[in-house]
Amino acid sequence: QVQLVESGGGLVQAGGSLRLSCAASGLTFSTYAMGWFRQAPGKEREFVAAISWSGGNTDYADAVKGRFTISRDNAKNTVYLQMNSLKPEDTAVYYCASRRSYIGSFLYIRIHDYDYWGQGTQVTVSS
C-alpha cells in the first residue's frame, strides 16, 4: 500500500533552518504530484507548498513564499521542504501528501485534491 513517511522536524530557533523529507513507497512516485501542508494547534490544516511530478512547477502559500523551497528527487522517491528564516508562526505539524497526476505540469493546492497523507512531523520554532 502507499506509504508516506515524513522526517526532519524538530526544535529550532527563530531565523534557523530545517529540511523536511517525505519518503514515498507503494506508488509510482514519478507520476504523483506532491504537496506539503501544516496544522498548528487549534487551527485548520493549511497548504504550504506543492510540486508537479515533473518537478517543473511549484507553488507556495504567501506566508512561506521566499523562505521555503519544495523539491523532489524521483530517483529516491522523496520530496523535500527546505525551510529557511523560520518564524514562531511556522510552528505546526507538517504533512506531505500525494496525488496521481496524468499531466506532468499539474500541481494541487487543496487538501481534498490529495489521496494519500503521511503521519506528520512536528516543527517547533522558538522565539
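It should be emphasised that the depicted structure is a prediction, and the values quoted were computed from it without experimental measurement.
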Query - cation_pi(R110, F37) dist<6.0 Å, angle<=45 - result: no

Query raised in the report: How far apart are the closest heavy atoms of L11 and S126, and which atoms are they?
Result: CD1-CB, 4.4 Å

Query - Distance, nearest 0.5 Å, that separates CG of L107 from OG of S52 - result: 6.0 Å

Query raised in the report: Counting only heavy atoms not in F106, do more than 12 fall under 6.0 Å of its CZ?
Result: no

**Report entry** R99 side chain near Y116 side chain, heavy-atom distance below 4.5 Å
**Finding:** no

Query - 4.5 Å side-chain heavy-atom contact, T69 and L81 - result: no

**Report entry** Connected via hydrophobic side-chain network under 4.5 Å: Y60 and F47
**Finding:** no

Requested in this report: Would you kindly check if the NZ (Lys) or CZ (Arg) of R45 is within the cone defined by 45 degrees around the ring axis of Y95 and under 6.0 Å from the six-membered ring centre?
Outcome: yes

Query raised in the report: Can you find a pair of side-chain heavy atoms, one from S98 and one from W117, that are under 4.5 Å apart?
Result: no

Query raised in the report: Is Y108 reaching over with its side chain to a backbone N or O of S101, donor-acceptor style, under 3.5 angstrom?
Result: no

Requested in this report: Considering non-hydrogen atoms only, spot the tightest contact between Q122 and A92 and give its length.
Outcome: NE2-O, 3.5 Å

Query raised in the report: Can you find a pair of side-chain heavy atoms, one from L20 and one from Y80, that are under 4.5 Å apart?
Result: no

Query raised in the report: Atom CD in E89, atom CZ in R38: separation rounded to 0.5 Å?
Result: 8.0 Å

Query raised in the report: Roughly how far, to the nearest 0.5 Å, is the OG1 atom of T28 from the CG atom of N74?
Result: 11.0 Å

Report summary line: Heavy atoms of P88 and S127 approach each other most closely as CG-CB, 3.8 Å

Query raised in the report: Is the shortest heavy-atom distance from the side chain of T91 to the side chain of V123 under 4.5 Å?
Result: no

**Report entry** Pairwise side-chain contact, W53 with M34, heavy-atom cut-off 4.5 Å (strictly under)
**Finding:** no

Query raised in the report: Under 4.5 Å between side-chain heavy atoms, hopping through other hydrophobics if needed: is there a path connecting V64 to V125?
Result: yes

Query raised in the report: Judged by atom type as modelled, is there a donor-acceptor pair below 3.5 Å linking the side chain of N57 to the main-chain atoms of S105?
Result: yes

Query raised in the report: Are Y32 and Y102 connected, step by step, through hydrophobic side chains (Ile, Leu, Val, Met, Phe, Trp, Tyr) whose heavy atoms are closer than 4.5 Å?
Result: no

Query raised in the report: Ignoring hydrogens and geometry, is there a side-chain-to-backbone donor-acceptor pair from R72 to S54 under 3.5 Å?
Result: no

Query raised in the report: What's the verdict on side chain to side chain contact (heavy atoms under 4.5 Å, CB included) for R100 and L27, showing C-alpha distance, side-chain angles and the deciding distance?
Result: CA-CA 9 Å; R100 179 74 187 274; L27 51 75; over 6 Å; no

Requested in this report: Apply side chain to side chain contact (heavy atoms under 4.5 Å, CB included) to the pair F68 and L86, showing each step before the final yes or no.
Outcome: CA-CA 9 Å; F68 290 11; L86 283 161; 3.8 Å; yes

Requested in this report: Kindly indicate whether the side chain of V79, heavy atoms from C-beta on, has any atom under 4.5 Å from the side chain of I51.
Outcome: yes

Query - Nearest non-hydrogen partners of K43 and Q39, listed with the distance - result: O-NE2, 3.1 Å

Requested in this report: Mind listing the closest non-hydrogen atom pair of Y114 and A33 along with its distance?
Outcome: CE2-O, 4.0 Å

Query raised in the report: Do E6 and Y94 come close enough that some side-chain heavy atom pair is under 4.5 Å?
Result: no

Requested in this report: Return the minimal non-hydrogen interatomic distance between L4 and A24, and the atom names on each side.
Outcome: CD2-CB, 3.5 Å

Query raised in the report: Charged N to carboxylate O under 4.0 angstrom, D62 versus K65?
Result: yes

Query raised in the report: Going through the distances and angles, do T78 and D73 end up as a side chain to side chain donor-acceptor pair (under 3.5 Å)?
Result: CA-CA 5 Å; T78 302; D73 185 337; over 6 Å; no

